[in-house]
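Report on the structure given below.
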Amino acid sequence: MQSPFLRCEPRVAHAVSRVPVPARPGIDAQRSTDFPHRVRRLTGRLGASPPCLAPVKPLAPIRQDWQGWSFLQRKDAMKAMTPLEELRHSASHVLAAAVLRLYPEAKLDIGPPTENGFYYDFDLEHKFTQEDLEKIEATMREVIKENQRFERIETSREEAEKLIRERGQEAYKLGRLEDIPEGDTVSFYRNGEFVDLCAGTHVNYTKKIKAFKLLSVAGAYHRGDEKNKQLQRIYGTAFPTKQELEDYLERLEEARKRDHRKLGRELKLFHIDEAVGQGLILWTPAGAILRQELQTFIASELRKQGYEQVFTPHIGKLGLYRTSGHFPYYKESQFSPIVDHEALESLAHEGCSCAELSNRLDEGKIDGYLLKPMNCPMHIKIFDSQPRSYRDLPVRLAEFGTVYRWEQSGELNGMTRVRGFTQDDAHLFCTEDQLGAEIQGCLELVKTVFTTLGMKDYRVRVGLRDPDSSKYTGEPALWDRAEAALREAVKTLGVDYAEEPGEAAFYGPKIDFVVKDVIGREWQLGTVQVDYNLPRRFGLSYVGADNKDHVPVIIHRAPFGSMERFTGVLIEHFAGNFPVWLAPEQVRLLPITDDQLPFAEELERTLKAAGIRCAIDRHSDKFGAKVRRAELDKIPHMFVLGKKEVETGKITLRSRVNKAAEGQHSVDEAVALLTEQIRNRTLPDGFSG
RNA sequence: GCCCUUGUAGCUCAGUCGGUAGAGCGCGUCCUUGGUAAGGACGAGGUCGGCGGUUCAAAUCCGCUCGAGGGCUCCA
């Protein structure tokens, strides 16, 4: 269930063996880095006590002047809500009220506002359907029409418990009540017959909720723990005005149009085939060009920075991953080990069960191979293949390394969450003293990549250790230096960043780059991680100037993260309108009639010779249809070839962005223009990241 | 993995109360040779995700299964 790669706690260990956990199972940094995983959503974070409710009944003291009330006294710092959050939170109460009117037996959990709306979790035998949502919406409108006042009620704990029980909402609300720290005030909010344990705040009357819509139903575990009961979560959104709601829904619709899964199919960039397997990407020719260009780009940057390219196999012995600490501790997120025929046969002869086989693999009594879940152990072996002197450092080994991880099927998502992916991975082996400069180099690389692609909408997270925890490996002094180095380096980036204590990997601090997809989900792309763990686990060393052995530090870094995820994000980022250097087809040649075909063919040879990717539209359609086709295919440039062009030997240019004709150019000029755009990796005109 | 939704031609979809399937786009052929987002005609494509069951008869009903989508969970 989880993809452990980044975690340090061997929490999977109990499943199978109790072998002493290697001091911090490895990690490779990759992980985080590497990989792709979705970052926690911010929603649902408002810790406060959620709402709840119950049947009608006279209520106790009502305090209407709650203004002076401090909502910040809760330990988890419940923040005062913004007006929009208040509106949405209020809408969630109205939702709950409506659900109770229709299904009095529903048990309520919580209903906070989220980044784009709100939700409320219900425990109810009846499964909500789309039609139910419409009914509930109608009932919500009734509640709103009644223009109920939202009133705050503060009670003692005893009263609160009594109130909850009277309303038959003890199932979840009592637990939520217990969450409220001793000493904090317990409050309820009431509107009409609905009363809910709630810290607030709310709008004053239900009529303030003018524009809302229920969007979907989804399963959600109580308190987000899959061991708990799964509740039904109804999602909705609300805005101050109808216009804003409509705009939002329209934007959602627009966003869906640039979904990389949709564009990937339309532009024939990649394919996922059931027969091949879930989460396994087939890069079609057009997509392969895209990836190839990206890799060429990054490889050239790496060369500038003194990296050396290596290649390593897709599988390696289990022992290697035992040393790194990945096996068996993270085996739940790996494909099962591969055991050779002979071993398998002899095991079969002795009647060994699958469980037994699994145990023996875990305990190291049988060897096997693992489809590699990360590249670092192999790069480490390359580093360790010869004696190293401090004069050799830093050693920077780079590889577009393909790794495989067993992601839960429900987590798979197009190209952004897959089971086989290629990291633009590299491991830097350096001395303590070199750490700062190397980290900075890594960040510069990430910045170069993001800038070149016009990606401005990302956030940078500096993961530091939690000062109160002892789970980290490595000397505190080293950590201090590494953290200082990261901080220092990130400042030179010139972008906003957030330091997040407790977000470090157990083996070292890190910096992650996170971007959002069209639906607003966050994905981690690039990362730079410092690792004090693996060098020790693998017993790495170099000879220092003092003629003594020293342990190098490893930096794991991947500016793209994975080619798959990055490409998926990039497709959405550009909405398929790639800059010329990335466009699978850079120029479409459009002969106005078949008479210009020979001219087009000659031109095609010229362009190809110049390294420009182009194709001729040979359909016998009218010219307008050819233009339309090229537009739909999102080709950056069209060369119009008619009688006039053949006579003058010049082509008429029409580019994707400036629809209109852009004048005539000699073939040489046109080639020069395109070559320039390709070489400079020019972003599309008018593109704003 | 769990919850909900979903699976009909390459794509987007329609298929009323069960009677062995349709459209548009795309593709092919022919006609058309036309200057900046769709010219016309004809045609080829589907054992309706798969397996079982009910029925005289199933794309339509039931069960199982595989895949997809949206969530949840995890991601040190």
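Note that these values count all heavy atoms, side chains included, but never hydrogens, waters or copies made by symmetry. Residue numbers start from 1 in every chain, and the chains themselves are labelled A, B, ... in the order their sequence lines are given, proteins ahead of strands.
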task = In whole angstrom, give the distance that lies between atom CD1 of A/Ile651 and atom P of B/G35.
result = 18 Å

ask   = Under 4.0 angstrom, heavy atoms only, what part of the nucleic acid is A/Ala220 near: base, sugar-phosphate, or nothing?
value = sugar-phosphate

Rounded distance in Å - CZ (A/Arg654) to P (B/A37) = 5 Å

request  = Using a heavy-atom cut-off of under 4.0 Å over every strand shown, decide if A/Gly224 touches base, sugar-phosphate, or nothing.
outcome  = sugar-phosphate

inquiry  = Anti or syn, where syn is a glycosidic angle within 90° of 0; which label fits B/G24?
reply    = anti

inquiry  = Just to be sure I understand the rule, does A/Leu632 reach a base, reach only the sugar-phosphate, or reach nothing, if contact means heavy atoms closer than 4.0 Å?
reply    = base

request  = Can you tell me the distance, in whole Å, between the CG atom of A/Leu269 and the P atom of B/C11?
outcome  = 16 Å

Pairs under 3.5 angstrom, nitrogen or oxygen only, protein versus nucleotides 64-69 of chain B, please.
from  : atom 1 : to       : atom 2 : distance (Å)
B/G67 : OP1    : A/Gln278 : OE1    : 3.2
B/A68 : OP2    : A/Gln278 : NE2    : 2.6
B/G69 : O3'    : A/Arg261 : NH1    : 3.3

Base B/C72 paired with A/Gln230 side chain (donor-acceptor, <3.5 Å) = no

task = Inspect the surroundings of CD in A/Glu125 and state if more than 12 heavy atoms from other residues, nucleotides or ligands are less than 6.0 Å away.
result = no

message = If the cut-off is 4.0 Å, is A/Tyr235 near the phosphate of B/C72, judged by side-chain N/O to OP1 or OP2?
response = yes

note = Among the nucleotides B/G1, B/G35, B/C4, whichever has the atom closest to the side chain of A/Gln408 is B/G1

message = Are A/Phe327 and A/Tyr321 an aromatic pair, judged by ring center distance below 6.0 Å?
response = no

message = Looking at every non-hydrogen atom in both residues, tell me the closest pair between A/Pro112 and A/His89 and how far apart they are.
response = CA-ND1, 4.1 Å

message = In this structure, is the centre-to-centre distance between the rings of A/Tyr172 and A/His222 below 6.0 Å?
response = yes

message = Under 4.0 Å, counting only non-hydrogen atoms across every strand here, what does A/Arg265 touch: a base, just sugar-phosphate, or nothing?
response = sugar-phosphate

query = Is A/Gly502 touching bases, backbone alone, or none of the nucleic acid, heavy atoms closer than 4.0 Å?
reply = base

message = Taking Watson-Crick (N1-N3 plus N6-O4 or O6-N4) and G-U wobble (N1-O2, O6-N3), each under 3.5 Å, can you produce the dot-bracket string of RNA chain B? Use [ ] for crossing pairs and | for inter-strand ones.
response = (((((((..((((.....[..)))).(((((.......))))).....(((((..]....))))))))))))....

inquiry  = Tell me if the centroids of the rings in A/Tyr119 and A/Tyr235 come within less than 6.0 Å of each other.
reply    = yes

query = Between A/Tyr497 and A/Tyr458, does the ring centre distance come in under 6.0 Å?
reply = no

query = Using the benzene-type ring in the case of Trp, are the ring centres of A/Tyr120 and A/Phe118 under 6.0 Å apart?
reply = no

message = What is the separation between atom CD on A/Gln232 and atom P on B/C2, rounded to the nearest whole Å?
response = 17 Å

ask   = Can we call the ring centroids of A/Trp283 and A/Phe270 under 6.0 Å apart?
value = no

inquiry  = Once hydrogens and angles are ignored, does a donor-acceptor distance under 3.5 Å link the base of B/G35 to the side chain of A/Glu645?
reply    = yes

ask   = Taking atom P of B/C11 as reference, at what distance in whole Å does atom CG of A/Leu267 sit?
value = 15 Å

Table of protein N/O atoms under 3.5 Å from nucleotides 32-34 of chain B N/O atoms:
from  : atom 1 : to       : atom 2 : distance (Å)
B/U33 : O2     : A/Asp594 : N      : 2.9
B/U33 : N3     : A/Asp594 : OD2    : 3.0
B/U33 : O4     : A/Asp594 : OD2    : 2.7
B/G34 : N7     : A/Ile592 : O      : 2.9

note = When rounded to whole Å, the CD to P distance for the pair A/Glu631 and B/U36 reads 13 Å

ask   = Rounded to whole angstroms, how far apart are CD on A/Gln529 and C1' on B/C75?
value = 12 Å

query = In terms of side-chain heavy atoms of A/Arg417, which of B/C75, B/A37, B/G35 is nearest?
reply = B/C75

inquiry  = Taking atom types as they are modelled, would you say the side chain of A/Tyr221 forms a donor-acceptor pair with the base of B/G1 within the 3.5 Å cutoff?
reply    = yes

